[in-house]
J.: 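Would you mind keeping the following structure in view while I ask a few things?
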There are 2 protein chains.
Amino acid sequence: MAKKTTSSPKHRNIPEPTIARLPRYLRSFAEFAHNQHTVISSKELAGASGINPAQVRKDLAYFGQFGQRGIGYDVKTLDSKMREILGLHKAWRIALVGCGNLGMALLQYGGFAKAGFRIEAAFDVDPSKVGWELEGVRIWATPAIRQVVREKKIEIAIIAVPASQAQRVADDLVDAGVRAIVNFAPCVLTVPKSVLVRGVDLASELEHLTYFLEKSNRTEK
Amino acid sequence: MAKKTTSSPKHRNIPEPTIARLPRYLRSFAEFAHNQHTVISSKELAGASGINPAQVRKDLAYFGQFGQRGIGYDVKTLDSKMREILGLHKAWRIALVGCGNLGMALLQYGGFAKAGFRIEAAFDVDPSKVGWELEGVRIWATPAIRQVVREKKIEIAIIAVPASQAQRVADDLVDAGVRAIVNFAPCVLTVPKSVLVRGVDLASELEHLTYFLEKSNRTEK
DNA sequence: TTCTGTGAATTTATTCACAGCA
DNA sequence: TGCTGTGAATAAATTCACAGAA
């Protein structure tokens, strides 16, 4: 029986939850490497990321056979493989739209740089901010999005503007050729399905918690 | 046949993904109410939040029968019910630990206030920041966490310190009686299971996107 | 008729449990 | 022996499809 064409180690497609866990594994590798571990078992990795060991093994096995039976996984190899899988071997070109409090924080936030991401251009509607340079990043006027994003070949955009303006900004970004968006505005964006969107709603994280706190208050009574 | 004891409209417990969607519905209600809609159907709500209509109905039905067959849901009623379910009818006492770039942004971030959350106290290790007041919120020294959190009866904490310090901060918070934590540090926190933790890793959102971008680059070739 | 509420069917994800290799 | 890789079993979430109320 002929095998189906397969470009990746596993031809079936990877479950979303698995992809969402990869960055967590990556953090764990850094931690283990820092503590001079050269090898980790699925059990250790599971412990460090609060996940079932079988789940860890299955997640990793989607991408190839990285482990050694009886031994475990080589931390360095796994770290390198995982970076490759997540596409972190190249420097992605990122833009930030909205330099309010949140935008400013994201611009200065060390976590992006540490993970290897660099913001190439920032945008804001406020004329008093335009022209400034912060953390080596020039702030442009929002109407310049189409031109600048296209010129700089920006691939990923972070939206940190009020919800009322988010869709318009997204339209411009898409028009300028952006391929993915992280949206911090609390609204759903409509974009062509070739463009990827991930929404991050900070307030909803708190609401998720208050749901459980409220529930435990109720059942306690 | 005797009915099983049931405190909530539905006695089975609510799926996690359902809870995660509730805040999204809440945003939609606000939007529909703003556009003078008094009634919405599951289809409209689904369209606005990018979810299957049957899913919307099932989600809402976990909490009671809020709709009218043939008509739809009353926006105001649903909004109010949803706020009650999420525990948003009371003002939760929140603390912020870490007033670096991200912490400062969260302190000033309008989204929390808009959702009805208010930060009562902030903490930082930097002595030059201690004593300042920002957005009406006093910044305390980090070692004061135990005392201030206890005195102010803080229930929820937001951690925005470097990963290396996050666990220590979490220990202090737990010790001071905090019941839930939103953790922005890219690490897993160990806390008693009575304490709720939600991790938000901003870099991992980007990594999630680069995974798909990288993959589409590969398959395009 | 329209649209909700919900069992049943389906799809998807997690966990188990063990064969196979170092 | 110890630990991976993975089919099989289980659990969970989503979607279908339709009965029932306005």
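Because the structure is predicted, anything quoted here is derived from the model rather than measured. All chains are named by letter (A, B, ...) in the order of the sequence lines, taking the proteins before the strands, and each is independently numbered beginning at 1.
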J.: Is a donor on one side and an acceptor on the other found under 3.5 Å between the side chain of Arg150(A) and the backbone of Asp175(A)?
T.: yes

J.: Between C1' on dC16(D) and NZ on Lys43(B), what's the gap in Å once rounded to a whole number?
T.: 16 Å

J.: Hey, does the side chain of Tyr73(B) come within less than 4.0 Å of dG5(C)'s phosphate (OP1/OP2), counting only N and O?
T.: yes

J.: For a quick test of reading the model: is some side-chain N or O of Ser42(B) closer than 4.0 Å to OP1 or OP2 of dT4(C)?
T.: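 For dT4(C), OP1 or OP2 has a side-chain N or O of Ser42(B) closer than 4.0 Å.
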
J.: CZ of Phe63(A) versus C1' of dT6(D): gap in Å, rounded?
T.: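 Whole-Å distance recorded here is 16 Å.
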
J.: If you take any heavy atom closer than 4.0 Å to DNA chain D, which residues from residues 17-37 of chain B end up in contact?
T.: Pro17(B), Arg21(B)

J.: Between atom CD in Gln55(B) and atom P in dA13(D), what is the gap in whole Å?
T.: 10 Å

J.: Which parts of nucleotides 17-22 of chain C does protein reach within less than 4.0 Å, heavy atoms only, written one letter per nucleotide 5' to 3' as B for base, S for sugar-phosphate only and - for none?
T.: B-BBBS

J.: Is it true that, when you exclude Lys76(B) itself, more than 12 heavy atoms of the residues, nucleotides or ligands shown sit nearer than 6.0 Å to its NZ?
T.: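 It does not: Lys76(B) NZ has 12 such atoms or fewer within range.
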
J.: Would you sort out whether Lys90(B) and Glu155(B) count as a salt bridge (Lys or Arg N to Asp or Glu O under 4.0 Å), showing the intermediate values?
T.: CA-CA 12 Å; Lys90(B) 70 160 273 191; Glu155(B) 297 158 297; 2.9 Å; yes

J.: Backbone N or O of Lys152(A) within a donor-acceptor pair of the Arg93(A) side chain at under 3.5 Å?
T.: yes

J.: Please evaluate the base of dT14(C) for a donor-acceptor partner in the side chain of Lys58(A) within a cut-off of under 3.5 Å?
T.: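 No such pair is found, so the answer is no.
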
J.: Among dC16(D), dG7(D), dT4(C), which is the nearest nucleotide to the side chain of Asn52(B)?
T.: dC16(D)

J.: Do you know which of Glu214(B), His208(B), Lys215(B) makes side chain to side chain contact (heavy atoms under 4.5 Å, CB included) with Tyr211(B)?
T.: Lys215(B)

J.: From CD1 of Ile14(B) over to P of dT6(C), roughly how many Å is that when rounded to an integer?
T.: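 Checked: the CD1 to P distance equals 12 Å.
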
J.: Distance check needed: dC3(C) P versus Leu60(B) CG, whole Å only.
T.: 16 Å

J.: If I compare all heavy atoms of Ala176(B) with all of Val149(B), which pair ends up nearest, and what's the gap?
T.: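 Nearest heavy atoms, Ala176(B) then Val149(B): CB-CG1, 3.6 Å.
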
J.: Show, in sequence, the C-alpha distance, side-chain angles and deciding distance for Arg83(A) and Asp79(A), and conclude whether the salt bridge (Lys or Arg N to Asp or Glu O under 4.0 Å) test is met.
T.: CA-CA 6 Å; Arg83(A) 287 182 180 284; Asp79(A) 182 81; 3.2 Å; yes

J.: Atom OH of Tyr62(A) and atom P of dT4(D): how far apart are they, to the nearest Å?
T.: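 Whole-Å distance recorded here is 17 Å.
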
J.: To the nearest angstrom, how far is Glu16(A) atom CD from dT14(D) atom C1'?
T.: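 Taking atom C1' of dT14(D) as the reference, CD of Glu16(A) is at 15 Å.
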
J.: For the OH atom of Tyr109(A) and the CZ atom of Phe184(B), what is their distance to the nearest 0.5 Å?
T.: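 Those atoms lie 9.0 Å apart.
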
J.: Mind running side-chain hydrogen bond (donor to acceptor under 3.5 Å, both in side chains) on Asn35(A) and Glu31(A) for me, showing each step along the way?
T.: CA-CA 6 Å; Asn35(A) 297 340; Glu31(A) 212 172 297; 5.4 Å; no

J.: Send over the distance from Phe66(B) CZ to dA21(D) C1', rounded to a whole Å.
T.: 18 Å

